[in-house]
Amino acid sequence: MPELPEVETIKLGLHRTILNQKITKIDILLPKMFSGDPTVVTNATISDIKRRGKMLIIDVTKDSYLYHLLIHLKMTGQLIFESQTKPGFGGGHPVPPLNTPLPNKSTKIIMEFESEDKLYFNDLRTFGYIKLVPARQLHENTFLQQIGIEPLTPEFTLETFAKLLEKRPKANIKAFLLDQTHIAGLGNIYTDESVFRAGILPWRIVSSLSEQEILLLHGSIKDVLQAGIELQGASQTSYIGVDGKKGTFLAQAAVYGRANLPCLNCGQPIQKTKWAGRGTHYCSNCQK
DNA sequence: TGCCCCCTGCAG
DNA sequence: CTGCAGGGGGCA
């Protein structure tokens, strides 16, 4: 699923399309994917769109009360905007790269706006969700409670990163980076890319990292995520933006999805194995 | 900290 | 047909 750069791209897309729009209707086609009182959403207005790690937070205001729509896309969630009037957003026509009009088989929740624009929440594997919570109950959300630092903020300094690592000296670096309670937003793709760029093998034990390696890794995490955002995300299988377009980060990826292909740095074949429960790509020559 | 699980579809 | 896929919750 979408990792930080994909969710950030969607957030920016939603800013351009649904901010300040009034919701007139919500259709929940798969009840398990929505929790909370859906009647609250009707006639509410989108007042802000934010991101925390891989979680999207859409503020909706109704009768001067504030609520949050917590949206997690998990592995295959998509948010696709469709407009009859705004150019470049479908309008009853198939949105590339989809080859069927919306709604399609994966569509699970549909939001309609006063403008007659629509937002489709598609999710093939149905792991994603929308949770509606009143503002005063936001702090009760355990996922948001436990989530770690935002890696693209000024607070994510080298010193902060080093201190986080000190708290889990025995973990391997891949599992550490995937753990959302330490750093928010890294997933399988950007983790593999980050450790590659830093020249570190994914199963290295945290306490074995040198100061120089920590410095390199800190920089590569930020660089990789920033590149992901600039290229509008990584479209391995199902990720698309609000405009229906794929991201192009994977064309630039050094290891992810490149098993058996020559390393861009040294030419040796990229290896793929399983680590921390996930497919893990690396170069046994460039990473130590 | 490491598995199994939630699902569906597609590559090998 | 089996295994695998951008996640993460729940369970030893």
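Basis for what follows: all heavy atoms, side chains included, without hydrogens, waters or symmetry-related copies. Convention: sequence-line order gives letters A, B, ...; per-chain numbering from 1.
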Heavy-atom contact window of chain A on DNA chain B, given 5' to 3' at under 4.0 Å: dT1(B) to dG9(B)
E6(A) bridged to K54(A) by N-O distance under 4.0 Å: no
Cationic N near anionic O, under 4.0 Å, E150(A) to R52(A): yes
Which part of the nucleic acid, if any, lies within reach of [X] when heavy atoms closer than 4.0 Å are counted: base, sugar-phosphate only, or nothing?
X: K105(A); value: sugar-phosphate
X: G128(A); value: nothing
X: S238(A); value: base
X: Y256(A); value: sugar-phosphate

Within 45° cone and under 6.0 Å: K118(A) NZ/CZ vs Y120(A) ring: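 No; the conditions do not both hold, so K118(A) does not lie above the ring face of Y120(A).
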Polar side chain donor-acceptor pair, S83(A) to D117(A), under 3.5 angstrom: yes
What is the distance, rounded to the nearest whole Å, between atom [atom1] of [X] and atom [atom2] of [N]?
X: N188(A); N: dA5(C); atom1: CG; atom2: C1'; result: 9 Å
X: L144(A); N: dG9(C); atom1: CG; atom2: C1'; result: 15 Å
X: Q78(A); N: dA5(C); atom1: CD; atom2: P; result: 19 Å
X: K32(A); N: dG9(C); atom1: NZ; atom2: P; result: 15 Å
X: M55(A); N: dG8(C); atom1: CE; atom2: C1'; result: 11 Å
X: Q236(A); N: dC4(C); atom1: CD; atom2: P; result: 14 Å
X: E3(A); N: dG8(C); atom1: CD; atom2: C1'; result: 13 Å

Test side chain to side chain contact (heavy atoms under 4.5 Å, CB included) applied to E114(A) and T45(A), N43(A), T24(A), the passing residue: T24(A)
Can any side-chain N or O of [X] pair as donor or acceptor with the backbone N or O of [Y] at less than 3.5 Å?
X: T191(A); Y: G187(A); result: yes
X: Q180(A); Y: L178(A); result: yes
X: Q78(A); Y: D123(A); result: no

Each stem that DNA chain B is part of, given as range with range (3 or more consecutive Watson-Crick or G-U pairs, under 3.5 Å):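 Listed by first number, the stems are B:1-6 with C:7-12, B:8-12 with C:1-5.
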Interatomic distance at P, dG9(B) relative to dG8(C), whole Å: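 Their P atoms lie roughly 23 Å apart.
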Under 3.5 Å, side-chain donor or acceptor atoms of residues 7-16 of chain A against the rest of the protein: list the pairs with distances, not counting sequence neighbours.
unit_1: E8(A); atom_1: OE1; unit_2: R51(A); atom_2: NE; d: 2.7
unit_1: E8(A); atom_1: OE2; unit_2: K11(A); atom_2: NZ; d: 3.1
unit_1: T9(A); atom_1: OG1; unit_2: P5(A); atom_2: O; d: 2.7
unit_1: H15(A); atom_1: NE2; unit_2: I49(A); atom_2: O; d: 2.9

